[in-house]
Number of protein chains: 4
Amino acid sequence: MARTVNKKLRDERRRKILDAATVLFAQHGFSQSTITQIAKAVGVSHATIFLYFPTKDDLFQAVILEPLDTTKKLYLSLMSQGNSPLERLHSLVRGQIHRSLYNATYLRLVQYALGQPERFPDIAKELNHYVNRFVHDIIPIIEEGQRMGELSPGDPFYIAWAYFSYYNGIGMCYLEPNEESINELVKNGLRIFGPVEKVCNYD
Amino acid sequence: MARTVNKKLRDERRRKILDAATVLFAQHGFSQSTITQIAKAVGVSHATIFLYFPTKDDLFQAVILEPLDTTKKLYLSLMSQGNSPLERLHSLVRGQIHRSLYNATYLRLVQYALGQPERFPDIAKELNHYVNRFVHDIIPIIEEGQRMGELSPGDPFYIAWAYFSYYNGIGMCYLEPNEESINELVKNGLRIFGPVEKVCNYD
Amino acid sequence: MARTVNKKLRDERRRKILDAATVLFAQHGFSQSTITQIAKAVGVSHATIFLYFPTKDDLFQAVILEPLDTTKKLYLSLMSQGNSPLERLHSLVRGQIHRSLYNATYLRLVQYALGQPERFPDIAKELNHYVNRFVHDIIPIIEEGQRMGELSPGDPFYIAWAYFSYYNGIGMCYLEPNEESINELVKNGLRIFGPVEKVCNYD
Amino acid sequence: MARTVNKKLRDERRRKILDAATVLFAQHGFSQSTITQIAKAVGVSHATIFLYFPTKDDLFQAVILEPLDTTKKLYLSLMSQGNSPLERLHSLVRGQIHRSLYNATYLRLVQYALGQPERFPDIAKELNHYVNRFVHDIIPIIEEGQRMGELSPGDPFYIAWAYFSYYNGIGMCYLEPNEESINELVKNGLRIFGPVEKVCNYD
DNA sequence: CATGAATGAGTTTTCATTCAT
DNA sequence: AATGAATGAAAACTCATTCAT
């Protein structure tokens, strides 16, 4: 019983540490964020951090890799909403871009780590797995869309990567997040998948 | 005469320092790259670095900002090659993506700095100027393409930003650079501008 | 309890650092004394010093300014011992000169800082306060002595400053400290106050 | 002939260096004054300084010790002006205090070096010679004054030292230099020699 | 003779990490 | 379990000094 309570407290504190670290790492980068800063943000002693994460590198790794599961579930959910492939892609694009504009912190951190693979090799490897799985998961939808004539032809693998690049790049653009900007970025992002213009068909 | 020689030697060494710093900063980030490492890469004492750049920050700034002029000239040149707007965009996209795949180091560094605007505010400001100018320079071509019917309608401002995001995001994808990947990324990138499918017209 | 012990240990160590720093700063000056030297003298790591004083400047300032309170209490006590003004001045002069000869280290340090007001402006300002208070405290005694006929007339303000100069200057003389030298320096220092020669009166 | 001209130029430049160094050393202390600063003040390259003084220490030593001859001549001249011993002491005290208030730079430097004998042992030794000679030179005047009844009795050796202390201490007092302050400091300084009050005698 | 370039030794300061309580 | 104290390993930056021109 006591153990359960303790476990709960531990998990809660662990979470707090991860959250604070996410914000600080995203804002100042890895080296410029100190364990003491993070501890202060959480309201514990810096030594306590080491009770939860053996090294600063481990903390950084956890900050970046642990949310990946949730993120994966999110995109899987997004890409299952809608009937036609195009609708599902639309749901995905809108969901991701919304997140990328309104909830940029974590994404920025992922990009930070992704941009320095020599420095964070383990993290980069794991992130690559994740990206590859994402590409792997989106390809069937693209293929289905092309088969159904909703999407113009094109190598689905590269289209998936192209979209991923687009999604990644948005994180660095600092466009003001509002209805308009999101709508436009969604529309333009969808273009990468080559949606067949209905206008055209009815000419 | 002696002065000329000296000036030349100085410039040469300055360049070497910038080159070595570019690589190291891109690989390990700002804080994790030490002046001593850079000096060793150049083959001089660490104190020598400070003869050319008063602080590490100055060196970093120079590494990122000094190439911007050349880069701007490059994209201006690229976007003037071709007759129709679409041709010019094609030239631009191909040129930039080629550079982004084959010459990724500098681009990665730009993204590194762009991703931490609170930490490198001066650099971020300057980079934003640059990006805004790029957007400003590409918009007229988009508009012309739309007027001529080569491009589908759409807000040119957001289209420009969308393409820029795409271009930026490619730097983090680590696709193997070859004919095929470049062709595909170019094709998919161009889609953002909404090229009107000829196939369609002749239906 | 533990807190009390800790506090005590901290204070003790803080004191040790201040003592070691006093000696080293007095011997080699500020710039030539290194934190590492001080740490070694105390028997701790150099990083420990920074746990007690955030910067070297702060340490220097503490070394000089913190004893001022005690010093003030000392001179106030000295100048209250004795009945007549002359007796009290005698007590003061003897006490200060004794200290200046037998306990020269701190005084030298004060002079070192006092001699470089542009370099240590905060310290110099604080020291000036102290000196002005000293002058202010001694003036009433001089006035009383003059009124009572124990002292020859003369502007008490300048007499106070003259004595203070004398006291200060002794710190640089490196006379061997013994009964004789102290007696003589006291006698000659007292002359600044213009004691009326008894011999004279009984002529 | 050329040699003579060169010699003259060299001496002139040497003098300029010493002058600039005097000011800077007095203002910022030894370690905080850099060779480059001095060179800039003189208008030459820092490397040039080393053509005139092999090391920074040598320069410092020259700055302090070379003027001693002149200073000695000055005090000898001052203490020979006047008929009676008291008059001559008066001339000396007035001259020195005037110099100490209006021309404080060099004096401050001497005190700076005098205050750190462990750090500048050679300079301190030389300065001690100088002080001893000064004491030695002033003692006969005191003795004569005492013999003539102009001065109260007292060990001339300690009186000489007492006056020297007074003179030294004035350098750190930062009293505003003007007619009044000088007059008062001279008057009070003279008291150290124990001038017999005429008033008294004629009672 | 004068100097600009180069450097190595040294100094303050930071910080992740360990440990005793 | 939590923490305050301690530290050693860096790292940026400075500066006297040397040397080639």
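Labels below follow one simple rule: chain letters A, B, ... track the order of the sequence lines, proteins then strands, and each chain is numbered from 1. Both backbone and side-chain heavy atoms feed into the values below; hydrogens, waters and symmetry mates do not.
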Engineer: Please report the distance, rounded to the nearest Å, between NZ in B/K7 and P in E/dT3.
Structural biologist: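 In whole Å, E/dT3 P lies 21 Å from B/K7 NZ.
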
Engineer: For the backbone of C/G115 and the side chain of D/R108, can you confirm whether one donor and one acceptor N or O come within less than 3.5 Å of each other?
Structural biologist: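 Yes.
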
Engineer: Ignoring hydrogens and angles, tell me if any N or O in the side chain of D/K56 forms a donor-acceptor pair with the backbone of D/S33 under 3.5 Å.
Structural biologist: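 The answer is yes, because a donor-acceptor pair under 3.5 Å joins these two groups.
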
Engineer: Any idea which of E/dT18, F/dC15, F/dA2 is nearest the A/L51 side chain?
Structural biologist: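 Nearest listed nucleotide: F/dA2.
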
Engineer: Is D/Y52 near enough to E/dA2 that one of its side-chain N or O atoms lies under 4.0 angstrom from OP1 or OP2?
Structural biologist: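 For E/dA2, OP1 or OP2 has a side-chain N or O of D/Y52 closer than 4.0 Å.
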
Engineer: So does C/T48 get a side-chain nitrogen or oxygen closer than 4.0 Å to the phosphate oxygens (OP1/OP2) of F/dT7?
Structural biologist: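 It does, given that an N or O in the side chain of C/T48 lies less than 4.0 Å from OP1 or OP2 of F/dT7.
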
Engineer: Any chance you could measure C/Q61, atom CD, to C/E126, atom CD, to the nearest 0.5 Å?
Structural biologist: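 Here the interatomic distance stands at 7.5 Å.
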
Engineer: May I ask you to say what B/F53 touches in the nucleic acid, namely base, sugar-phosphate or nothing, with a heavy-atom cut-off under 4.0 Å?
Structural biologist: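 The residue B/F53 makes no contact with any strand.
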
Engineer: Is A/R13 near enough to F/dA2 that one of its side-chain N or O atoms lies under 4.0 angstrom from OP1 or OP2?
Structural biologist: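 True: A/R13 side-chain N/O within range (under 4.0 Å) of F/dA2 OP1/OP2.
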
Engineer: What is the distance, to the nearest angstrom, from the CZ atom on D/F60 to the P atom on F/dT17?
Structural biologist: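 Nearest whole value for this atom pair: 14 Å.
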
Engineer: Please report the distance, rounded to the nearest Å, between CD1 in D/I38 and P in F/dC15.
Structural biologist: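 Checked: the CD1 to P distance equals 12 Å.
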
Engineer: From the options C/Y106, C/Y112, C/F30, select the one residue that forms a ring pair (Phe, Tyr, Trp, His ring centres under 6.0 Å) with C/F25.
Structural biologist: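 Going through C/Y106, C/Y112, C/F30 one by one, the ring pair (Phe, Tyr, Trp, His ring centres under 6.0 Å) with C/F25 is satisfied by C/F30 alone.
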
Engineer: Could you list all N or O pairs between the protein and nucleotides 10-12 of chain E that sit under 3.5 Å apart?
Structural biologist:
residue: E/dT12; atom: OP1; partner: C/K56; partner atom: NZ; Å: 2.7
residue: E/dT12; atom: OP2; partner: C/I35; partner atom: N; Å: 3.2

Engineer: Could you check A/L18 against A/F53 for side chain to side chain contact (heavy atoms under 4.5 Å, CB included), going step by step and ending with a plain yes or no?
Structural biologist: CA-CA 10 Å; A/L18 286 170; A/F53 301 93; 3.7 Å; yes

Engineer: What pattern of brackets, bars and dots sums up DNA chain E from 5' to 3', given Watson-Crick or G-U wobble pairs under 3.5 Å, [ ] for crossing pairs and | for another strand?
Structural biologist: .||||||||||||||||||||

Engineer: Would you mind reading off the distance between D/K40 atom NZ and E/dA2 atom P, rounded to a whole angstrom?
Structural biologist: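 In whole Å, E/dA2 P and D/K40 NZ are 19 Å from each other.
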
Engineer: Choose from E/dG8, E/dC15, E/dC19 the nucleotide whose nearest atom is closest to any side-chain atom of A/A47.
Structural biologist: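 Selected nucleotide (nearest to the side chain): E/dC19.
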
Engineer: Please step through ring pair (Phe, Tyr, Trp, His ring centres under 6.0 Å) for the pair D/F60 and D/F120, ending with a clear verdict.
Structural biologist: CA-CA 10 Å; D/F60 188 64; D/F120 305 112; 4.8 Å; yes

Engineer: Roughly, in whole Å, what's the span from CD1 in A/I49 to C1' in E/dT18?
Structural biologist: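 Distance check: A/I49 CD1 to E/dT18 C1' gives 16 Å.
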
Engineer: Considering just the side-chain nitrogens and oxygens of D/R10, establish if one lies under 4.0 Å of OP1 or OP2 belonging to E/dC1.
Structural biologist: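 Checking D/R10 against E/dC1: at least one side-chain N or O falls below 4.0 Å of OP1 or OP2.
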
Engineer: So, C/D11 and C/R15, do they make that salt bridge, N to O below 4.0 Å?
Structural biologist: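 No, C/D11 and C/R15 are not salt-bridged.
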
Engineer: Which whole-number value in Å describes the distance from B/D57 CG to F/dA11 P?
Structural biologist: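 My rounded result for the distance is 16 Å.
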
Engineer: Determine whether the side chains of B/T22 and B/D19 contain a donor N or O and an acceptor N or O closer than 3.5 Å.
Structural biologist: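 No, because no side-chain N or O of B/T22 sits under 3.5 Å from a partner of the opposite role on B/D19.
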
Engineer: As a quick check of understanding, evaluate side chain to side chain contact (heavy atoms under 4.5 Å, CB included) for C/L68 and C/L127, giving each step before the final call.
Structural biologist: CA-CA 8 Å; C/L68 283 187; C/L127 285 176; 3.9 Å; yes

